[in-house]
Amino acid sequence: MTTTANAPVLIDAACVTKFYDTRKALDNVSLAIHAKEVVVILGPSGCGKSTFLRCLNGLETVQAGSIRFHGRDLARPGTDWRPVRQRIGMVFQSYELFPHLSVRDNLLLGPVHVQKRPRAEALRQAEGLLERVGLADRLDSFPRQLSGGQKQRIAIVRALSMNPEVMLFDEVTAALDPEMVREVLDVILGLARNGMTMVIVTHEMGFARAVADRIVFMDEGRICETNTPVKFFTAPDTDRAKRFLSRFLY
Amino acid sequence: MLHALELLWQNAPLLLDGLWATLGIAAAATFFSIIGGALLGMMRASWNNAIVQAAARAYLELFRVIPILVWLFVFFFAVPAASSLDISGTLAAVTVFSLWGASEMSDIVRGALKTIPQAQYDAGRAIGLSGAQLHLRVILPQAVRRMLPGAINLVTRIIKTTSLVVIVGVVDVVKRSQQIIERTKEPFVLYAFLLLLFFALCHPLSRLSRRLEKRFN
Ligand SMILES: Nc1ncnc2c1ncn2[C@@H]1O[C@H](COP(=O)(O)OP(=O)(O)OP(=O)(O)O)[C@@H](O)[C@H]1O
Ligand SMILES: [Mg+2]
């Protein structure tokens, strides 16, 4: 949405290679994410999009390459991921709210127990964030009482309540009924407008085009093409990307 | 009826004494079963070491296929004979019921932990929870709900099975009743009492377990 190429690099992944047993899921992936940039990762199923996001916050370990964040290489063994995860929020396809906790407790768990912030202050912030996603009246609800779209918006708020510098979104609308996709995408668009740095994996092409500063197209564990959204969707550089996009046209 | 009540009332001190023995063994066994079962269950759910897993399976299988009665004999007669350890009937009983209960409990714990999706672990880690916080605040609270029905059932089974301790010389409520029968020749009253007693102890637990099971489904 904005020109960010000159902004400082926040996360610098270089030559990241990841195996599941003997199967190569990421092959020499290099991607620098600039502050306030919105990077959208596209690619066919199984190409390693989720794996790449999960490597960025240490849910997977990598076998080679480096991930630099605030001057440290997170890919080295022995990294303490807990402080990193407070600065890199993640939202999952299946929401993953904690079902035994109310919305309030879902939102306070991180700020109060991980960041040791005062409860009253964390609650005030959570209420403000809920207001922004249109769920101010849901503080006392339990996840089972919410629709998919509501749950996903709460999950976004849960990540935001840690005050992260970067947000990772892994196909966050893929499990939603079509009529709920919009309410979640609107929240993410709002974050982009406010200058949040984000890495987004999605299959919503219209949304990708609208929100992205840069499109990264992956295939078979590799980055195949990096392009501006306009160029990627009108005249992609690679044949693979053309073939991929043709499957979304009727 | 009046006669029966009078008989029980007169022998109340003896019966209570036996009841305490029964409940004491059941309570101690329940306590150790929960602790041991939780540890073993968590180990079986998350420690993917071939030797550990095989050892755990062997332990479970031993208590599954060999009757409790035989285990009581082993700990009351065989172990002391072989080792010069002095093991009282009560100690043998608590040991056997604890080992048996822990093996059963570990199955319940492991089963419940396995139903928590991997993604819940990811979500907990993604907000920066430590391993201990993740387990205490996210995983176990969800798993405990699923353990409760099975765990309560196990307690009722432990209470019922305590009646076997008679054979290693523990004077529990069943043994006390038999002694009173010998003296008073009133088997009907005392067996009716035992029936009602075990029903009163176990039926509420059994109902609670079924209620919880329904609620979680
Ligand atoms: N836990 C795992 N164990 C083994 N292999 C895995 C695991 N997770 C992913 N893989 C494999 O790694 C490759 C990349 O998977 P990944 O989930 O990152 O793909 P993706 O691009 O996110 O696909 P999708 O669009 O379907 O979500 C796939 O071949 C997948 O089968
Ligand atoms: Mg994926």
Side-chain angles (χ1 to χ4, degrees), chain A residues 50-51 53-54 56-61 80-102 105-117 122 142-144 151-152 154-164 166-171 175, chain B residues 34 37-38 41-42 45-53 105 108-152 208-217:
Chain A
S50 299
T51 304
L53 286 194
R54 292 166 60 84
L56 294 183
N57 73 347
L59 291 179
E60 305 287 349
T61 53
D80 181 5
W81 282 97
R82 278 177 298 156
V84 176
R85 289 172 182 150
Q86 295 172 42
R87 303 164 101 169
I88 304 181
M90 181 158 186
V91 185
F92 302 86
Q93 177 176 335
S94 48
Y95 339 122
E96 300 305 332
L97 294 180
F98 305 126
H100 60 298
L101 298 178
S102 65
D105 290 335
N106 264 279
L107 298 183
L108 291 184
L109 188 57
V112 171
H113 294 283
V114 176
Q115 297 182 319
K116 313 282 181 210
R117 283 155 50 195
F142 277 81
R144 61 175 177 278
K151 278 191 255 202
Q152 196 57 295
I154 303 281
I156 294 173
V157 168
R158 180 174 68 183
L160 288 174
S161 67
M162 307 287 289
N163 298 313
V166 187
M167 287 280 281
L168 312 175
F169 292 90
D170 191 2
E171 296 196 40
Chain B
I34 289 171
M42 291 205 272
S46 54
W47 195 357
N48 288 322
N49 175 301
I51 297 169
V52 170
Q53 293 294 332
M105 191 67 195
I108 295 167
V109 171
R110 189 183 79 121
L113 287 175
K114 287 279 180 200
T115 63
I116 310 294
Q118 178 60 37
Q120 283 281 303
Y121 291 81
D122 291 343
R125 286 202 200 93
I127 56 168
L129 296 178
S130 67
Q133 287 174 324
L134 176 67
H135 281 94
L136 283 176
R137 298 191 179 276
V138 175
I139 304 303
L140 283 177
Q142 294 183 57
V144 162
R145 284 154 212 243
R146 292 167 209 208
M147 288 172 205
L148 271 179
I152 293 170
L208 177 64
S209 156
R210 241 177 304 130
R211 277 239 313 271
L212 291 173
E213 196 141 22
K214 248 189 239 146
R215 225 181 69 200
F216 297 144
N217 285 342

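To find a chain, count down the sequence lines: A is the first, B the second, and so on, and within it residues start at 1.
Looking at heavy atoms from C-beta onward, B:Tyr121 lies out of side-chain contact with A:Glu96 at the 4.5 angstrom threshold. Residues A:Leu59 and A:Met90 have side chains in contact (heavy-atom distance under 4.5 Å, counting atoms from C-beta outward). At a threshold of 4.5 Å between non-hydrogen side-chain atoms, the residues B:Ile116 and B:Arg146 count as touching.
Only the backbone of A:Leu97 has a heavy atom closer than 4.5 Å to any heavy atom of chain B. For chain A, the nearby parts of B:Gln120 are the backbone and the side chain; heavy atoms of each come within less than 4.5 Å. With a 4.5 angstrom heavy-atom cutoff, A:Phe98 touches chain B via backbone and side-chain atoms both.
Going from atom CZ of A:Arg87 over to atom CG of A:Asn163 covers 11.5 Å, rounded to the nearest 0.5 Å. From B:Ile127, atom CD1 reaches atom CG of A:Asn57 across 12.0 Å, with rounding to the nearest 0.5 Å.
Chosen from A:Pro99, A:Ala159, A:Ser161, the residue pairing most often with chain B at heavy-atom distances under 4.5 Å is A:Pro99. Per-residue heavy-atom pair counts under 4.5 Å with chain A were compared for B:Arg145, B:Gln142, B:Arg137, and the maximum is reached by B:Arg137.
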